[in-house]
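Notes follow once the structure below has been shown.
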Number of protein chains: 4
Amino acid sequence: MRHYKEDADDIKSKRQQILTAAYTVFSRKGYYRATIDEIIALADTGKGTVYNYFTNKEKLFYTLISERSRAFKETLNQIMVSKQPFMEKTKAMIMAFLRFYIDNADLWRVLMHEIRGFGGKGSGNLTELQREKYRDEFRSTIEMLVSLLQEGIEQGVVKECDVTKAAHGLFSVIMTMVFQKFADQDNVEEIAATIADIFFYGVAVQPKHN
Amino acid sequence: MRHYKEDADDIKSKRQQILTAAYTVFSRKGYYRATIDEIIALADTGKGTVYNYFTNKEKLFYTLISERSRAFKETLNQIMVSKQPFMEKTKAMIMAFLRFYIDNADLWRVLMHEIRGFGGKGSGNLTELQREKYRDEFRSTIEMLVSLLQEGIEQGVVKECDVTKAAHGLFSVIMTMVFQKFADQDNVEEIAATIADIFFYGVAVQPKHN
Amino acid sequence: MRHYKEDADDIKSKRQQILTAAYTVFSRKGYYRATIDEIIALADTGKGTVYNYFTNKEKLFYTLISERSRAFKETLNQIMVSKQPFMEKTKAMIMAFLRFYIDNADLWRVLMHEIRGFGGKGSGNLTELQREKYRDEFRSTIEMLVSLLQEGIEQGVVKECDVTKAAHGLFSVIMTMVFQKFADQDNVEEIAATIADIFFYGVAVQPKHN
Amino acid sequence: MRHYKEDADDIKSKRQQILTAAYTVFSRKGYYRATIDEIIALADTGKGTVYNYFTNKEKLFYTLISERSRAFKETLNQIMVSKQPFMEKTKAMIMAFLRFYIDNADLWRVLMHEIRGFGGKGSGNLTELQREKYRDEFRSTIEMLVSLLQEGIEQGVVKECDVTKAAHGLFSVIMTMVFQKFADQDNVEEIAATIADIFFYGVAVQPKHN
DNA sequence: CATGAATGAGTATTCATTCAT
DNA sequence: GATGAATGAATACTCATTCAT
C-alpha cells in the first residue's frame with residue numbers, strides 16, 4: 001500500500017507546493033477572496049496538510065511574504081555595502097527594487113492593502129503585533145533608500161532634504177512603474193535610468209551648464 | 001421599533017447617514033471586511049433601508065466613490081483652465097490632490113486595491129464594465145496631470161519626456177505623502193512646494209546658476 | 001393640490017386594480033415568489049394602499065380565490081337545479097368546470113399547492129381554520145359532481161359505485177385537460193364530450209349493441 | 001462541537017440522513033417554505049455538511065427527486081416488457097404508480113408545482129434546462145402509459161382514441177386517489193381494480209351482453 | 001384614503017478550521 | 001505526516017408589514 005516516494009523533493013515539496021500555490025492565489029485574488037480550497041486544489045494536497053504546516057490562513061500569508069522578502073533584503077544589503085560611485089549604487093538599488101517588485105507586484109500590492117486592517121473584530125491581542133511585522137517588511141526596505149540618500153548627502157551629491165520623505169517618494173515611483181506595467185524584466189535598466197535621472201535632476205528644462 | 005422623526009433633517013439625512021457610515025466603515029475595514037451590519041449600526045438605521053437606497057454593497061461603495069470624486073474632478077478642471085504661470089498651476093494642482101486625498105486617503109486606498117478584483121466568482125456580466133468605471137475614476141484625474149505636463153512641455157519649461165510615466169510618478173509621490181501621513185491639511189502648501197521642487201529640479205545638488 | 005377624480009370608477013377601482021394585479025402575479029409566480037412590490041407596480045398603486053384593503057398577503061390571496069370562486073359556484077348551482085337529461089346536464093357541468101379552470105388554471109394550481117402548508121411556524125392558531133377555508137373552496141365544487149352522480153344513480157343511468165371517488169376522478173381529469181393545455185376556450189365542447197364519453201363508457205372497445 | 005462517530009453506518013449515513021430529512025421537510029413545507037435550517041436540525045448535521053454534498057438547495061431537491069424516481073422508472077420498464085394479458089399489465093402498471101405515489105405523494109406534489117416556476121429572478125442561464133429536467137421526470141413516466149394504451153389499441157382491446165389525453169387522464173385519476181388518501185399501501189390492489197374498471201368500462205350502467 | 005420610507009426577522013450560502021483516520 | 005468530512009459563525013440580501021404624512 002506504500003508508494004515509493006515519487007522523488008526526493010517530494011517531502012520537501014509539500015510545504016513548498018503549498019507556498020507556491022498560495023503565492024498564485026493570493027496574488028490573483030487578494031487576501032480575502034483567496035480560499036484555502038483554491039490553494040489546495042492548485043497545490044494538489046489536502047486541506048489538513050496546509051494546517052499541518054501553517055497555523056492558519058494568515059500565517060500562511062505571512063510566511064509567504066516573509067520568505068520572499070528575505071532574499072530581497074539580502075540583495076539590498078549587498079548593494080548598500082558595495083563600493084561604487086553613488087550614482088551607480090543608486091541605479092543598482094533601483095534596479096533591485098524593480099526586479100523584485102516585477103516578480104512580486106501583485107502579492108505586495110495585497111500586502112500593502114492588508115497591512116491596514118488585519119485581525120479586526122475578535123482577534124484581540126496578537127494582531128497589532130502581527131500588523132507591525134508586516135509594516136516592518138516594508139519599512140526595512142525603504143530604510144535602505146533612506147540610508148542611501150543619507151550617504152549621498154554626506155558625499156555632497158544630494159542636496160539637504162528630508163530624506164525620509166524623499167525615500168518614500170522614490171519608493172513610490174518605483175512601485176508605480178511596476179504596478180502600471182511600465183516596467184518589466186526586459187527594460188529594467190532603462191526604466192531605472194529614467195527614474196534616477198528624474199529623481200536627481202527633475203523634469204525641468206535644464207539651465208545650460210556652461 | 002419605529003422612531004418618531006427626530007428632527008427636520010432626518011428625512012434628507014437617512015441616505016446621507018448611510019453614506020457617511022459607509023465611508024467610515026469602508027475606509028477602516030476595506031471592501032471585504034466591511035459589513036452591512038456595521039454600517040447600519042453606525043448609521044443608526046435598518047438593514048432594509050440600506051437596500052432601499054443602494055441595490056447592493058457594491059453599488060453603495062461605488063456611489064460613495066462616485067459622489068466624493070465628482071467635486072474633486074470639478075476642482076481639477078477649474079485649475080486646468082485657469083490662467084496662471086505654469087509653476088503656480090502645478091503647485092495648485094498638487095495642493096488640490098493633497099487636499100482631496102488627505103480627506104479620502106483610506107477610501108481611495110481601498111478603491112485602488114479593489115479595482116483589481118471586483119466581481120467575485122464568475123465575474124459574470126456587468127462586472128468588468130463596473131471595474132472599468134472604477135479605473136476611470138482614477139484615470140481621469142491622472143489624465144489631468146498628463147495634460148498639465150504636456151502644457152509645460154509646450155511652454156518650454158518641462159523637458160521632453162514620457163509624460164504618462166512622469167504623471168504617474170508625480171501622482172504616486174503625492175499619494176505617498178498622504179498615505180505616510182507626511183501631509184495633513186495644515187501643511188499642504190509646504191508639502192506641495194517640496195514635491196514641486198523635487199519634481200522639477202530633483203534631489204541632486206544644483207550646479208551653481210551664475 | 002387636489003385632482004379631480006379621474007373617473008367614477010377610480011375609487012372602486014383601487015381595490016379592483018390590486019386584485020387584478022394580484023391575480024396576474026400570483027398566477028405567474030405562485031404564492032411565495034409573488035411579491036407585494038410586483039403587485040403594486042402592476043396595480044400602479046402604493047404599498048400602503050394594499051394594506052388598507054387587505055390585512056396581509058395571505059388575505060389578499062384568499063380574497064382573490066374567494067371572489068373568483070363565487071360566480072363559478074353560482075353557475076354550478078344553476079346547472080344542478082336545471083331540468084335536463086342527465087347526459088346533457090353532465091356535459092354542461094363539465095363545460096362549466098372547463099371554462100372556469102381555463103381562465104383560472106394557474107391561480108388554482110397555486111391554490112391547490114398552498115392548501116397544504118399555509119401559515120407554518122409562528123402563525124399559530126388561525127391558520128388551520130384558514131387552510132380549511134381554502135379546502136372548502138374545492139370541496140364545495142367537487143361536492144356538486146358528487147350530487148350529480150348520485151342523481152345519475154337514482155335515475156338508473158349510472159352504475160352503483162363510490163361516488164366520491166368517481167367525482168374526484170372526473171374532477172382530476174377535467175383539471176388535467178386544462179393544465180396540460182389540451183383544453184382551451186375554443187374546444188371546450190369537444191373536450192367535454194370526450195371526457196363524458198370516456199367517463200361513461202370507458203376506453204374499452206364496445207361490445208356490439210345489437 | 002464535534003461528535004465521535006457513533007457507529008459504522010455513520011459515514012455512509014451523513015448524505016443519506018440529509019436526503020431523508022430533506023424528503024420530510026420538502027414534503028411537508030414545499031420547496032420555498034422548506035429551510036436548510038430545518039433540514040439540518042432534522043438530519044442532525046451541520047449546515048456546511050449539506051453544502052459539501054449538494055451545491056445548493058435546488059440541487060438537493062433535484063437529487064431527491066432524481067434518486068427516488070430512478071427505481072420507479074425501472075419498475076415501470078419491467079412491467080412494460082413483461083408478457084402478460086393487457087388487462088393484467090394495465091392493473092400492474094396502475095398498482096406500480098399507486099405504490100410509488102403513496103410513498104412520494106407529497107414530494108411529487110411539490111415537484112409538480114415547482115416545475116412551473118423554478119429559477120428565481122432573472123431565471124438566468126441553466127435554469128430553463130433545469131426545469132426541463134424536472135418536467136422529464138414526469139413525462140417519462142406518463143409516456144409509459146401512452147405506450148401501454150398504444151399496445152392496447154394494437155391488440156384491439158382499446159378503442160381508437162387520443163392516447164396522450166387518455167394517458168394523462170388515467171394518470172391524473174391515479175394521482176387523485178393517492179392525494180385524496182383514497183389509496184394506501186393496504187388497498188392498492190382494490191383501488192387499482194376500481195380504476196381499471198372505470199377506465200375501461202366507464203361509470204355508465206352496462207347494456208346487457210346477451 | 002393613499003402613500004412609500006423605514007424596518008428587521010428570516011434565509012441561502014461561504015469558508016476557515018478541526019480532528020479522527 | 002497526510003487527508004478530507006464535518007462544522008457553524010459570519011454575511012449579503014429579501015420582503016412583508018407598519019405608520020407618519
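Quick note on labels: first sequence line is chain A, next is B, and so on, each numbered from 1.
For dA16(F), the base has no donor-acceptor partner in the side chain of Asn56(C) [N/O atoms by modelled type, under 3.5 angstrom]. Asn52(B) contributes no side-chain N or O that forms a donor-acceptor pair with the base of dA5(E) under 3.5 Å.
In secondary-structure terms, DNA chain E builds stems of at least 3 consecutive Watson-Crick or G-U pairs, each pair having both distances under 3.5 Å, at E:2-21 with F:2-21.
Using bins of under 30°, 30° to 60° and over 60° for the plane-to-plane angle, the ring pair Tyr31(B)/Phe26(B) lands in the parallel bin. In this structure, His113(D) and His113(C) have parallel ring planes: the angle between them is below the 30° cut-off, well short of the 60° mark.
Residue whose closest nucleotide on DNA chain E sits further toward the 5' end, between Tyr51(D) and Val50(B): Val50(B). If Ala34(B) and Gly46(D) are placed on DNA chain F by their nearest nucleotide, the residue sitting closer to the 5' end is Gly46(D).
Applying side chain to side chain donor-acceptor pair (under 3.5 Å) to Gln130(B) and the options Glu58(B), Arg135(B), Lys59(B) leaves one that passes, Glu58(B).
Phosphate proximity of dT7(E) to Lys14(B): present, with a side-chain N or O under 4.0 Å from OP1 or OP2. Taking 4.0 angstrom as the limit, Thr49(A) places a side-chain polar atom (N or O) nearer than this to OP1 or OP2 of dT3(F). Residue Thr45(D) places none of its side-chain N or O atoms closer than 4.0 Å to OP1 or OP2 of dA6(F).
Nucleic acid contact class of Lys47(A) (heavy atoms, under 4.0 Å, all strands): base.
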